Amino acid sequence: MSNSSSGRPKKRAKISNVNKYLQHIPTAQSYEVSYAHRDVITGICMSNVHAMLISASADGIVKFWKRTAPPTKSGPASESPCIEFVKSYQSHSGPVICLTCNAQQNLAATISTDNVIKFYDVANFDVSGYISASDILQENNTKLAPHCCFIDKNQTNLAIGTTSGVILICDSLALNFITSVKLHGSNIVAMKYNILYGVVISADSTGVVEVWRGDEGNVGDSPDRKTNNAKWSSKMATDLYHFMKNKTKIASVVISKNGQRFAILDNKFSAHVYDYFTCKILCSFDESVANYDPAKVADESKVEIKIDQFEYGKRCAVEAEIFDTNIPTGGDITDESVLTKSLQKIGMEFVGDNGRCLVIPNSGAGLTIYDTITKSKVQTIGSNDASQLRYLTLELGDSNFKLDQQTLLAQTPSASNLAIDHEAKDKLDPLLIATCFNKKRIYLFSNHESNIPERDILNEPPEIELTGDIEDGANKLATQAILRTTMGDIHLKLFPDLTPKTVENFVTHARNGYYDDVVFHRVIKGFMIQTGDPLGDGTGGESIWGGEFPDEFHRTLRHDRPFTLSMANAGPNTNGSQFFITTVPTPWLDSKHTVFGRVVAGMDVVSAIENVKADDDRPIEDISISSVDITD
């Protein structure tokens, strides 16, 4: 076709290959390793400048971790995969509600319900100072909100949100409060600083989004065209009122490294990407779990992550638990409508300097990466573990960071390896660190699948709190049992040291013949088989003490695998005689049902019982326990 006489056809603008940015994202679909705190993780912060990860938890503990060299051709470069522990502090007497790092990544800060703001020298992993906010909070009749960020060009002043909407500004060097900003009328639920253009983006619980100057001498002023490159003079010309208009609340804010884009996640888990200069929405991505409903998928060939209806139901159950908390509303501690106040928050992360890609955590796929130019989904991470883990916040470890010679010498077994493995000192693999809903661990993704037998590192001592008399009784309890059923034998391993009362109840009932001729009254394919009710209909049974007894939850005993032996109940602390055996991982039952054993043989018998014909979950033909043998 010839060109028109009016001139040459216009060339389309060239769009760079998205793979350039995906190189900064790990490729493994399962996390490589996880490390523990003693309580739920409430914040993580990555300093790529110093190859240091900082994590904080609900017990007031702050930990420092150093990145380690990845595996090389001559073998693993470090005994501790991805990161290694450096130091920990009992920084606060209350939970850490916010952890943040400045743009230079050499200064970090934590705030807590104990009203203390603490600062850290990241390079030397040391506390550099602290401020008590008790007096100023009392003067303003308010409380600390779980959001803070470093502001100004030097990144030494810290902006701290409060429940009344007042934002307090303190100096980390002089260790005093210097001013306050009063732009919001309700609880601060998100706050980030755009260092390249000198503005803060903050949001409150009513959906109000404010953009204001954070440079010293102009704190709280409106951004202008000359100093802050703002191409708008009135908020009416922007999309900052989007959330108020749609009556949605705000969960988090993130800003790209070049400052030209920012994204806001709402309480329905839709991410909206903004152009900084105009504050107009460029694109939106809906990452609600409903998008992964297999019943609503028209063309399965176009679905990257395929889950069945049962698996979808499990993920909906987890999502429902999250919506019962204040996580979708930015940790709004003033929200009286939620059933459970959570100290955790949800967040996103831009990939690459220009914010080309956006990583969004979700219940359907794990972690989804979108191309904000083509407005399409380009990659997923963590889908293999999405059934058991609901990712919330994440940090990216820069793949371009070079390990210094001293770090390599400390982490490499021999000098000869250092000479052979040149790639070890050239750069690190990309690393993604994530926190998960109600979990006490940080989960690390790299380009390597886990090559260690137990990827959940037991770096914290077990939490066993037993009274003397119970402990003595537990030592005498059996650790093995055999269910002799009409379809075959099921061999069980019991955990009397961790669940002494539950095992005592089960063993005593078994020795007394309580379970003899009791039927499996409830069988659900793809879930579990249940028995232990002498009435045979799920309404009967009591403990050996008469009535009910309390739950016994332990951090190492989870419904994280099939063939888990667990107590049935009618709610918290209502255990009697009924128990069930799972046939799939059932993580949504954790901290709701007491795990007290595992099937070690006879899995085929459990599967056979699971697959019998049933009417309304009850086997058409009775299957029963003939007897239970107990061995030490």
Side-chain angles (χ1 to χ4, degrees), residues 30 294 306-315 317-318 383-389 453-454 478-495 499 502-503 506-507 509-510 515-534 536-538 541 556-569 577-590 592-631:
S30 300
K306 296 180 179 179
I307 56 178
D308 58 29
Q309 196 66 45
F310 182 75
E311 180 64 29
Y312 173 71
K314 292 196 298 182
R315 301 188 189 191
V318 175
S383 58
N384 290 352
D385 300 304
S387 174
Q388 302 176 37
L389 301 173
E454 179 56 67
T479 58
Q480 305 285 335
I482 304 173
L483 290 183
R484 301 200 182 277
T485 78
T486 53
M487 293 189 70
D489 293 347
I490 303 171
H491 294 252
L492 304 171
K493 178 182 179 180
L494 307 176
F495 304 115
T499 56
T502 308
V503 172
F506 176 81
V507 168
H509 269 328
Y515 292 130
D516 294 358
D517 300 320
V518 171
V519 299
F520 287 85
H521 64 272
R522 190 172 179 227
V523 171
I524 302 177
K525 186 176 181 181
F527 182 19
M528 61 88 200
I529 60 174
Q530 185 172 332
T531 183
D533 176 13
D537 60 4
T556 62
L557 299 180
R558 299 175 295 167
H559 300 80
D560 57 354
R561 66 199 76 177
F563 308 112
T564 294
L565 177 65
S566 188
M567 289 298 292
N569 61 43
S577 63
Q578 295 185 42
F579 59 91
F580 62 93
I581 299 172
T582 66
T583 58
V584 294
T586 55
W588 67 92
L589 300 181
D590 289 344
K592 295 180 180 177
H593 295 267
T594 299
V595 174
F596 67 100
R598 309 275 190 198
V599 177
V600 293
M603 288 85 160
D604 56 331
V605 177
V606 175
S607 298
I609 297 173
E610 173 198 20
N611 286 285
V612 299
K613 292 183 179 180
D615 181 16
D616 196 21
D617 297 336
R618 184 183 179 88
I620 294 175
E621 296 184 6
D622 283 349
I623 305 161
S624 61
I625 300 172
S626 302
S627 63
V628 182
D629 293 349
I630 301 297
T631 58

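In this text the structure is predicted, and so the values were computed from the model without any measurement.
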Notebook entry, point to check: Closest heavy-atom contact between T631 and A478?
Noted result: O-CB, 3.1 Å
Next item on the list: Would you sort out whether H593 and M567 count as a side chain to side chain contact (heavy atoms under 4.5 Å, CB included), showing the intermediate values?
Entry: CA-CA 6 Å; H593 295 267; M567 289 298 292; 5.6 Å; no
Margin query: For a 4.5 angstrom cut-off between non-hydrogen side-chain atoms, does S577 reach D533?
Written below: no
Note to self: If you compare all heavy atoms of G488 against all heavy atoms of T485, which two are closest, and at what distance to 0.1 Å?
What the structure shows: O-OG1, 2.6 Å
Item checked: Residue pair G541 / P534: nearest heavy atoms and the distance that separates them -> CA-CD, 3.7 Å
Check: Any side-chain heavy-atom pair from L565 and L494 closer than 4.5 angstrom?
Finding: yes
Notebook entry, point to check: If you round to the nearest 0.5 Å, how far is OG of S626 from CG of D517?
Noted result: 7.0 Å
Item checked: Spacing of N384 atom CG and L389 atom CG [to the nearest 0.5 Å] -> 11.0 Å
Checklist line | Student check: side-chain heavy atoms of K493 and F495 closer than 4.5 Å | finding: yes
Margin query: If I take atom CD1 from residue I490 and atom CZ from residue F563, how far apart are they, to the nearest 0.5 angstrom?
Written below: 9.5 Å
Notebook entry, point to check: Do the non-hydrogen side-chain atoms of R598 and V595 ever get within less than 4.5 Å of each other?
Noted result: yes
Check: Do H559 and T582 have side-chain N/O donor and acceptor atoms under 3.5 Å apart?
Finding: no
Next item on the list: Would you mind reporting whether V599 and L492 have side-chain heavy atoms less than 4.5 Å apart?
Entry: yes
Check: Considering all heavy atoms of both residues, which atom of V523 and which atom of P619 are nearest to each other, and what is their separation?
Finding: CG2-CG, 3.6 Å
Item checked: For the student: nearest non-hydrogen atoms of N611 and K525, plus distance -> OD1-CE, 2.9 Å
Notebook entry, point to check: Which value, rounded to the nearest 0.5 Å, describes the distance between I623 atom CD1 and I620 atom CD1?
Noted result: 10.5 Å
Note to self: Is any side-chain heavy atom of R484 closer than 4.5 Å to one of D629?
What the structure shows: yes
Notebook entry, point to check: Would you call F580 and T531 a side-chain contact if the rule is heavy atoms closer than 4.5 Å?
Noted result: no
Item checked: Worked check of side chain to side chain contact (heavy atoms under 4.5 Å, CB included) between M528 and R522 -> CA-CA 8 Å; M528 61 88 200; R522 190 172 179 227; 3.3 Å; yes
Note to self: The test is side chain to side chain contact (heavy atoms under 4.5 Å, CB included); show your working for V612 and F520 and say whether it passes.
What the structure shows: CA-CA 11 Å; V612 299; F520 287 85; over 6 Å; no
Next item on the list: Compare all side-chain heavy atoms of F596 with those of L557 and state whether any distance is below 4.5 angstrom.
Entry: no
Check: Step by step, would you call Q578 with H521 a side chain to side chain contact (heavy atoms under 4.5 Å, CB included)?
Finding: CA-CA 10 Å; Q578 295 185 42; H521 64 272; 3.3 Å; yes
Check: When rounded to the nearest 0.5 angstrom, what distance separates CZ in R618 from CD in Q530?
Finding: 11.5 Å
Checklist line | Approximate separation, where rounding is to 0.5 Å, of L483 CG and S624 OG | finding: 11.5 Å
Notebook entry, point to check: Under 30°, 30 to 60°, or over 60°: which ring-plane class applies to Y515 and F506, parallel, tilted or perpendicular?
Noted result: tilted
